**Q** 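Following this message is one structure expressed as structure tokens.
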Amino acid sequence: MWNSPNVQGSSKFTLLSTWKNAMEEELNSLRENDTFEITTLPEGKHPVGGKWVYAIKEDFEGTRRFKARYVAKGYNQVKGIDYKETFAPTANITSIRILMQLVVQNDLIVHQMDVKTAYLHAPIAEEIYLEQPEGFEVLSDTGEKLVYKLKKSLYGLKQSGRNWNKVLHEYLVENDFVQNSSDHCVYKKQIKNDMIIVIIWVDDLIMAASDTHLLNQFKEVMQKKFRMKDLGKISIFLESILSKKREKSR
């Protein structure tokens with residue numbers, strides 16, 4: 001869960017240093033992704049504010065990772081100027097239940113992938129300026145205050161989810177996936193007797209394939225376009241449920 005870090009007690013200095021490193025890592029990631037350009041604020045324009053959110057993530061082995069994310073204060077955006085459409089489809093939980101039934105019935109292979117900084121893959125059409133984060137400001141040669149002019153969508157912006165969904169949809173269709181007419185976050189690709197089904201869950205992809213080669217091929221296609229993290233089998237919890245159902249069906 002994203003929240004504020006707790007920095008108390010004797011380890012305060014160490015924690016502050018750790019969070020500072022996490023913030024620098026986030027800003028470096030934004031620069032590498034060409035998310036913005038630093039410029040002066042044009043006359044008559046108003047910047048959208050920004051803020052830091054923090055999380056401590058722990059994997060199955062208990063390894064902790066400190067993560068900082070700089071997000072836009074989307075509530076400051078003005079409709080018709082900073083954004084137009086915001087709707088983005090979300091997967092229906094019923095679709096996931098149906099997929100799990102298909103997995104058991106057809107002995108499909110289920111894996112999961114996470115799209116790293118998913119929203120940052122999507123270009124932005126509107127002209128949006130963002131305040132620089134406090135403590136990391138860059139000034140002009142004359143000491144003038146500068147802002148970020150966004151080139152890509154950023155977490156917190158009202159249209160970011162829609163922009164990301166559009167980019168992902170177009171890429172899946174380009175690679176011969178067919179969108180489900182009932183749930184627009186479900187896609188299917190059929191190759192003769194083999195198939196792969198993909199469900200989009202914000203920045204996570206749930207994949208069920210009838211063939212290992214087809215599954216790996218899809219992962220390679222995604223990794224060519226986006227920064228992906230292969231999470232392997234869909235989770236210990238869900239896999240245990242599927243294993244029990246398989247045992248009962250035998």
Side-chain angles (χ1 to χ4, degrees), residues 29 33 57 59-61 85-123 152-153 155 159-250:
S29 177
N33 197 60
K57 294 190 172 183
D59 60 23
F60 291 119
E61 297 177 351
E85 299 293 332
T86 61
F87 173 77
T90 54
N92 193 316
I93 191 65
T94 302
S95 297
I96 297 178
R97 293 194 182 106
I98 293 173
L99 179 64
M100 294 304 107
Q101 291 175 356
L102 291 173
V103 166
V104 174
Q105 293 170 3
N106 299 283
D107 198 27
L108 302 178
I109 308 161
V110 192
H111 278 213
Q112 184 177 4
M113 296 186 84
D114 171 65
V115 188
K116 296 181 180 179
T117 57
Y119 287 4
L120 305 187
H121 290 285
K152 305 281 183 66
S153 296
Y155 285 88
Q159 66 268 52
S160 289
R162 179 182 179 85
N163 291 348
W164 158 241
N165 183 267
K166 182 176 183 291
V167 168
L168 182 55
H169 166 77
E170 290 175 350
Y171 191 64
L172 290 173
V173 171
E174 180 184 321
N175 284 277
D176 303 320
F177 278 83
V178 177
Q179 187 181 48
N180 186 281
S181 59
S182 298
D183 189 333
H184 289 174
C185 288
V186 178
Y187 294 79
K188 180 181 177 181
K189 183 176 182 179
Q190 187 84 35
I191 303 178
K192 295 182 179 179
N193 294 327
D194 289 317
M195 70 172 178
I196 179 169
I197 300 172
V198 177
I199 293 182
I200 303 170
W201 192 267
V202 189
D203 53 5
D204 284 303
L205 302 181
I206 301 172
M207 306 158 291
S210 58
D211 178 78
T212 302
H213 175 72
L214 186 60
L215 179 65
N216 291 334
Q217 191 178 56
F218 173 72
K219 289 182 179 183
E220 291 175 4
V221 166
M222 293 302 296
Q223 288 167 339
K224 286 180 181 178
K225 179 73 171 179
F226 309 110
R227 294 178 61 203
M228 306 291 298
K229 182 176 181 181
D230 189 349
L231 301 175
K233 290 185 178 181
I234 193 168
S235 77
I236 296 174
F237 171 74
L238 190 52
E239 188 62 25
S240 65
I241 293 176
L242 296 177
S243 296
K244 290 178 181 178
K245 288 186 176 180
R246 287 195 186 105
E247 289 175 3
K248 289 181 180 179
S249 63
R250 290 173 183 169

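Predicted model, so just to flag it, every value in this text is computed and none were measured. Because only heavy atoms are used, hydrogens play no part in the values below, and waters and symmetry mates are left out as well, while side chains stay in.
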**Q** What do you reckon, is NZ of Lys189 surrounded by more than 12 foreign heavy atoms closer than 6.0 Å?
**A** yes
**Q** Is it true that Lys224 and Glu220 have a side-chain N and a carboxylate O under 4.0 angstrom from each other?
**A** no
**Q** Determine whether Lys166 and Ser153 make a side-chain contact, defined as any pair of heavy atoms from C-beta on separated by less than 4.5 Å.
**A** no
**Q** Test Met228 against Lys219 for side chain to side chain contact (heavy atoms under 4.5 Å, CB included), laying out the working first.
**A** CA-CA 9 Å; Met228 306 291 298; Lys219 289 182 179 183; over 6 Å; no
**Q** Can you confirm whether more than 12 heavy atoms, excluding those of Asn193, are under 6.0 Å from its CG atom?
**A** no
**Q** Calculate, to the nearest 0.5 Å, the distance between atoms CE and CG belonging to Met207 and Leu99 respectively.
**A**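 One gets 11.0 Å once the value is rounded to the nearest 0.5 Å.
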**Q** Search all heavy atoms of Asn163 against all heavy atoms of Pro123 and return the closest pair with its distance.
**A**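 That would be ND2-O, 3.7 Å.
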**Q** Are Thr90 and Val202 close enough, and set up right, to give a side chain to side chain contact (heavy atoms under 4.5 Å, CB included), and what steps lead you there?
**A** CA-CA 7 Å; Thr90 54; Val202 189; 5.7 Å; no
**Q** Parallel, tilted or perpendicular, judged at 30° and 60°: which one describes the rings of Trp164 and Phe226?
**A**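 Geometry flag for Phe226 against Trp164: perpendicular rings.
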**Q** So which heavy atom on Asp203 is nearest to which on Tyr155, and how close?
**A**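 Shortest heavy-atom separation between Asp203 and Tyr155 comes out as OD2-OH, 3.8 Å.
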**Q** Just by distance, do the side chain of Asp183 and the backbone of Asn92 share a donor-acceptor pair under 3.5 Å?
**A** yes
**Q** So does Ser182 get a backbone contact from the side chain of Asn180, meaning a donor-acceptor N/O pair under 3.5 Å?
**A**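 Between the backbone of Ser182 and the side chain of Asn180 there is a qualifying donor-acceptor contact (under 3.5 Å).
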**Q** To the nearest 0.5 Å, what is the distance between CD1 (Ile109) and OG (Ser210)?
**A**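 Taking CD1 in Ile109 and OG in Ser210, the distance rounds to 7.5 Å.
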**Q** State the CG-NE2 distance between Leu168 and His121, to the nearest 0.5 angstrom.
**A**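 One finds 10.0 Å between CG of Leu168 and NE2 of His121.
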**Q** With no hydrogens and no angle check, is any side-chain donor or acceptor of Arg162 less than 3.5 Å from a backbone partner on Ala88?
**A** no
**Q** Hey, does Val186 have a side-chain heavy atom less than 4.5 Å from the side chain of Val198?
**A** no
**Q** Tell me, with the steps shown, if Leu231 and Asp204 meet side chain to side chain contact (heavy atoms under 4.5 Å, CB included).
**A** CA-CA 10 Å; Leu231 301 175; Asp204 284 303; 4.3 Å; yes
**Q** Locate the shortest heavy-atom distance separating Gln190 from Lys188; write the atom from each residue and the value.
**A**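 So the two residues come closest at OE1-CE, 3.1 Å.
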**Q** Taking the side chain as C-beta and beyond, is there a heavy-atom pair between Ile196 and Phe177 under 4.5 Å?
**A**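 In short, these two side chains touch, coming nearer than 4.5 Å.
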**Q** So, do Phe218 and Tyr187 have ring centers that fall under 6.0 Å from each other?
**A**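 They do not qualify: ring centres at least 6.0 Å apart.
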**Q** In a check of side chain to side chain contact (heavy atoms under 4.5 Å, CB included) between His169 and each of His184, Gln179, Glu174, which one passes?
**A**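 Among His184, Gln179, Glu174, the one meeting side chain to side chain contact (heavy atoms under 4.5 Å, CB included) with His169 is Gln179.
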**Q** Roughly how far, to the nearest 0.5 Å, is the CD atom of Gln101 from the CD1 atom of Ile96?
**A** 12.5 Å
**Q** Report the distance from atom CE of Met113 to atom CG of Asp230, rounding to the nearest 0.5 Å.
**A** 4.5 Å
**Q** Please find the pair of heavy atoms, one from Ala91 and one from Cys185, that lie closest to each other, and give the distance.
**A**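 The answer is N-SG, 3.5 Å.
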**Q** What distance separates Leu215 CG from Asp194 CG, expressed to the nearest 0.5 Å?
**A**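 Reported value, rounded in 0.5 Å steps: 11.5 Å.
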**Q** Would you say Lys152's side chain and Asn33's backbone share a donor-acceptor pair under 3.5 angstrom?
**A** yes
